Amino acid sequence: MADVDLLISGGEPGDVAVDDGRIVAVGAELGLSAAETIDATGLRVLPGAVDAHVHFNDPGRADWEGWASGSAAAAAGGTTTVVEMPLNAHPPTVDADAFRRKLAAAEAASVIDFALWGGLVPGNVPRLAELAELGVAGFKAFMCPSGIDDFEAADDETLRAGMAEAARLGLPVAVHAESAEITAGLTARATGRGWRDYLASRPVEAELEAIARALALADETGCALHVVHVSSGRGVRLVAEARARGVDVTCETCPHYLVLGEDDLERLGAVAKCAPPLRARADRDDLRAQLDAGAVDLLASDHSPAPASMKQGDDAFAVWGGISGCQSLLALALTAGVPTELVSERPASRLRLPGKGRLEPGADADLALVDATAELELRAGELLYRHRHSPYVGMRLRGRVTATFLRGRRVVPGEPRGRLVRPMPPR
Ligand SMILES: [Zn+2]
């Protein structure tokens with residue numbers, strides 16, 4: 001009878017012993033016998049990535065992605081938990097019935113574990129308690145139109161009431177922070193329909209105005225606030241200043257704001273369209289400096305897929321926005337030299353996901369084996385997305401994931417073992 005189920009030996013930072021789906025020991029020469037041993041010499045053994053921001057659009061728009069392909073793509077890139085957004089699925093996850101439908105779709109097809117964001121939209125504040133009861137990780141609100149008719153932007157009163165209720169429930173509110181007034185006004189006054197016109201319609205100032213407003217409401221209500229996909233160093237600075245004066249706030253950025261910019265949008269077109277948009281060099285450098293200073297809490301993909309047909313056309317305003325990238329999250333973190341805690345421990349602890357994001361005894365044995373020295377050009381054919389486009393295609397990325405384990409077993413596409421991860425109660 002072996003001591004443990006699985007021993008991953010010889011990797012960095014040491015041998016990892018796994019039993020009954022959990023890590024039981026990490027270190028050099030553990031002296032344990034195992035039913036199965038995997039040689040990881042020359043590889044890094046990392047906690048599986050926790051991607052705090054993906055859209056899999058299932059149920060309702062599974063033809064855009066879906067749980068099967070989305071989770072398989074994430075797993076191929078070393079991600080073992082995704083936190084999935086309430087919109088782009090239909091119905092959007094704004095009440096108990098919609099949550100149950102989302103959960104059923106995920107359980108039927110996801111090869112990795114998942115947590116679910118609920119939605120905060122006008123009219124559903126009385127539904128937040130039932131969503132909390134069912135296990136949402138928090139509530140996502142848009143401060144500008146989401147682009148999806150069935151997921152309305154939260155006006156300030158909805159945001160304020162929603163934050164007060166979320167605070168009572170002990171869950172965070174995540175905001176897409178761009179001013180609806182500024183972006184709508186600039187869009188209406190745009191004189192052209194090209195990429196530069198689109199960029200000009202969503203300036204950094206629109207982001208700053210919305211972040212400041214969300215911070216004021218979080219301060220007033222005592223709500224835990226998370227600002228998703230901050231695109232500028234100035235935005236991060238607003239968050240850091242608020243945190244310094246005691247507001248419970250964190251922020252994320254995405255790989256695309258670090259490794260791509262305005263010139264890439266002009267070069268690549270629709271495949272690189274997102275909101276907030278890619279930024280000018282000075283803002284990217286400033287964002288990077290803020291990240292290096294420790295002011296960015298986490299890195300998430302904001303994987304936002306769509307059929308290629310929706311990513312075609314010359315009208316920069318009309319073409320669908322959203323970047324496909326969940327398969328490359330960990331590799332992009334390694335490529336950009338972002339500490340890997342920002343895609344594992346940090347999101348797991350901010351969202352209080354038990355057992356996730358840590359390489360330590362007691363944690364779930366969610367692991368990515370990575371050849372961190374490999375540097376390979378990303379090819380469209382390797383992508384497991386339903387629609388194989390991404391602005392990262394053609395880029396040289398560091399880190400090749402050789403195996404991904406979920407709770408001690410290798411993840412196999414088409415073998416759905418994913419479970420809902422419910423947040424721990426607040427301390
Ligand atoms: Zn998103």
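We count ligands from 1, going down the list as the structure has it; atoms in each ligand are counted the same way. Count residues from 1 along the sequence. Being a predicted model, the structure only gives us computed values, none of them experimental.
- By the salt bridge (Lys or Arg N to Asp or Glu O under 4.0 Å) test, Arg388 is found to be paired with no residue, residues two or more places apart in sequence or in another chain being considered.
- Applying the salt bridge (charged side-chain N to carboxylate O under 4.0 Å, His left out) rule to pairs touching residues 131-146 yields nothing, sequence neighbours excluded.
- Among residues two or more places apart in sequence or in another chain, the salt bridge (Lys or Arg N to Asp or Glu O under 4.0 Å) test is passed with Lys102 by Glu84.
- With contacts defined as side-chain heavy-atom distances shorter than 4.5 Å, the pair His55/Glu65 does not qualify.
- Looking at His229 and Glu252, their side chains never bring a donor and an acceptor atom within 3.5 Å of each other.
- Taking distances strictly below 2.8 Å, the protein N/O/S atoms close to the Zn ion (ligand 1) are His53 NE2, His55 NE2, Asp302 OD1.
- No donor-acceptor contact under 3.5 angstrom links the side chains of Asp156 and Thr158, judged on distance only.
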